[in-house]
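Atoms within a ligand are numbered from 1 in the order they appear, just like the ligands themselves. One-based numbering along the sequence shown.
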Amino acid sequence: MGRAAGEMRRDSVALDWSDDTVGPWRGVPPGLMAELAARVADAPAAVWVRIDGRCERVVGRSGAAVAGWPESWRVADGPAECLLRMNGALVVEDTSADLRWGCCPLRVSADIRALLAVPLRGADSGITGAVYVVDTVSRRWPDSVLEAVERLAAWASGATAGQAAPWGAADAGGAADVPEVADTDDAHGKIAVASSGPASDPFLTALVETLDVGVAACDSRGRLILYNRALRELRGLPDTWTPSEDLATSLAARPVLGPDGDPLAVERTPLGRALRGEVVENTDVVLTAPGQRLRIAAARAKPIHDGDGRCVGAVVALQEVTDRRRAERFAECELQVARALAESVSVAAAAPAVLEAVARSLQWPHAELWLIDGAGEQLDPVAQWSAPGLDLQVELPAVTSFEGIVGSVWATGRPLWVPDLAGSRYLTTGEAAARSRECARQGLRTVLAVPLLDAGRVQGVLACFADTLEDGQELLTTLLGTIARQIGQFLARRRADELALDLARTKDQFLALVSHEMRTPLTAISTYTELILTDDDQACCPDHRMLLERIDRNTRSLRAIVNDLLDLAALESGRFTICREPIDLVAVVLDAVSAAATAAATAGVELLTALPDRAELHGDAARLRQVLDNLISNGIKYSPHGGQVHLRLDADADADAGKAGEAGDMVLTVSDTGIGIPEAERPRLFGRFYRASTARTHGIPGTGLGLTIVRAIVEAHDGTIGLVDTAGPGATFRVRLSSGPPATGTPD
Ligand code: ADP
């Protein structure tokens, strides 16, 4: 990571560059110059080298990417070769694609993907050194960056309009490091000279002023000697402000806060820490300015050492990261909101946690959530969160009009940004005007309210209040919009769940209606029809008898459908139960076969059986009869005239029959010679209402409910049912049932 102070000193001490042609940085830590070059180019690292005959030697470096840059090498091995040949700057956007770099025999590091090399010239304009600014990703080096680095190099070379270098004399060789200072033990004295240098040097001033990064430097006693435009802006200081005070006074007037929001003591600020010898890498600080929003800056700071390694001051660079940090906090906030919603049954229950997460992410002291009531006629306040210390006295009313902050968002379905509540019309409009006045009275300023949308309809409003005048409307609206979308989606899911529940309830009610309102009259119709048909006294003419028989048939099939629907409803609501007891399955099969005899004869289908004498198992005889009725009636229904339906009942050869005390499985096979079922459709056969294409194309009536119920009954007996792959025509169903007692309870 960053270079330690000791390393910087070593750079300085190692510098025996007494050649006056490139001497201006004597007395200025070369590491700092490298840092400055990197900052000017907004790059992560830079190296300053001296080119001496055939040798190139590092005199200052900054940034981890160049930590491995060799102390010295032959000019022919490095980028300097190119510089000298071209007698000008070398711009490499992508080292992996640029031949000039590719030919360079010495690869400093595979991490270096872009290079900007600018020559440093001596008095005779000959190249005596170079500054290399590098990046770890390929990038463009705009002309403005090249120019800035060239100007920095020119200044450092002392070539700018023939000026003497500001941070040390260029005329007297190594002995004149800091000539103005009489008392060389007085570090403050040295930097005092330096302070007049950077502040008064027009080039450096202009350069530092153009940086987007805030830069400040202080002398060894903490007196501010450099304070650029970007930093003045960050701290809300006027453009005319010049650093005439010390760090402590400046902080007293305008505290710098730590990430937790507590003011930092001087020695805990990045500059204060650097002054004590620490290299500070990317520490966040919060900057305050009266009437302005809080701004977060990532700070890097370093001590400044003189040629003898003594600390003569410190420099800090502050990069504003407010938006980045906000986005990061909001990403975390999204997770918290998702968690709160997932753990709650309703938005109202999740609201307190959601509001706290949102308000804390914004670092705003107040947030409110409003939801449309069931009738869609008003917005009800569901929850609010206020930072400790904020006590809003006025209750939140329900909002019924499209006025006020919340009402306006309801009306438009769009976010609303109120830059300054105090001067806004919302203090007088809408039901919540009194509340807005109270907010303004308590110092709440900026308001951002966003709609909670579900399928484009406003379902609620999320309103957040800041106690500062905020900017960044676009970013904040986007961030808060993301949270609002999350809540909106939750509302949509909830509504879908409620609708599904409603639907299920309606379906149950419908089935109950079918059960009571249809089954009873159907039973009556069947009974009376049967009575008339069987009553010998009733002189029924043949035509009437035929009609009555038709009524009887249709009533029976209607009753069967009603019974299937009721079974299905019971299945889906979990009310489907079976009662298992020892039974003889063979008897059940024979009963079913005999009941189907008439239908089989009518259809011209032969019923064949291959059954053992007895097959005992624990089962629900009535339900198993349902299974057999369905399979046999399907076999008859889907077989042509002259076809056959075979029923077999066997002990399962594959099962562990005969094991100590265990009974084997029973396998019932029902096969027919009918229309069959296409292989591709078989997996869906047991689904509700599914009918195979063969049944539909042959126009054979049915509901697609029977097999669903059959499977449920078989599975309730811990059995399985499936289709057997057979080569011939027709379909073969195989039911496997355990003949042992039912499993009791669920294993732990
Ligand atoms: P339904 O017979 O009333 O349509 P089922 O649930 O009993 O309903 O059967 C579902 C579908 O399976 C039927 O529509 C039919 O396509 C197919 N099917 C069932 N049994 C047979 C069979 N023995 N032969 C051919 N197709 C069958």
Provide the number and element of each atom of ligand 1 under 4.0 Å from a heavy atom of [X].
X: A695; result: 14 (O), 15 (C), 16 (O)
X: L705; result: 6 (O), 8 (O)
X: K637; result: 1 (P), 2 (O), 3 (O)
X: Y690; result: 10 (C), 11 (C)
X: R691; result: 4 (O), 14 (O), 16 (O)

I'd like to know if the side chain of [X] and the backbone of [Y] have a donor-acceptor N/O pair within less than 3.5 Å.
X: Q486; Y: E334; result: yes
X: R414; Y: V409; result: no
X: R580; Y: H618; result: yes
X: D454; Y: R457; result: no
X: E431; Y: S401; result: yes

Query - Nearest atoms (heavy-atom pairs only) where S738 meets D665 - result: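 Minimum heavy-atom contact is CA-OD1, 3.5 Å.
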Query raised in the report: Considering all heavy atoms of both residues, which atom of I372 and which atom of G460 are nearest to each other, and what is their separation?
Result: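 Smallest interatomic distance, heavy atoms only, reads CG1-N, 4.1 Å.
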Query raised in the report: Taking 4.0 angstrom as the limit, do D584 and R614 come out as a salt bridge?
Result: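 The answer is yes: the pair qualifies as a salt bridge.
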Nitrogen or oxygen of [X] less than 3.5 angstrom from that of ligand 1:
X: G706; result: yes
X: G702; result: no
X: L685; result: no
X: T694; result: no
X: T708; result: no

Query raised in the report: For ligand 1, is there an atom lying under 4.0 Å from some heavy atom of F733?
Result: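 Right, F733 reaches ligand 1.
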Report task. For the residue pair R623 and Q626, establish whether any side-chain heavy-atom pair is separated by less than 4.5 Å. Result ->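 Contact flag for R623/Q626 side chains = yes.
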Query raised in the report: Should one rank D672, L707, I677, T703 by closest heavy-atom distance to atom 23 (N) of ligand 1, which comes out on top?
Result: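 Considering heavy atoms of D672, L707, I677, T703, the nearest to atom 23 (N) of ligand 1 sits in D672.
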Report task. Counting heavy atoms only, name the option from P678, A692, G676, G687 that's nearest to atom 25 (C) of ligand 1. Result ->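 It is G676 that holds the nearest heavy atom.
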Report task. Around atom 19 (C) of ligand 1, find the nearest protein heavy atom and jot down its residue, atom name and distance. Result ->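 Of the protein heavy atoms, N634 ND2, 3.5 Å lies nearest.
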Report task. Just need the protein heavy atom nearest to atom 22 (C) of ligand 1, so name the residue and atom and give the distance. Result ->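 Going atom by atom, the protein heavy atom closest to atom 22 (C) of ligand 1 ends up being Y638 CD1, 3.6 Å.
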**Report entry** Part of R696 within contact of ligand 1 (heavy atoms, under 4.0 Å)
**Finding:**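 R696 to ligand 1: no contact under 4.0 Å from either part.
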Requested in this report: Could you verify whether a donor N or O on one side chain and an acceptor N or O on the other, from R325 and Q363, lie under 3.5 Å apart?
Outcome: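 Note: R325 and Q363 side chains miss the donor-acceptor criterion.
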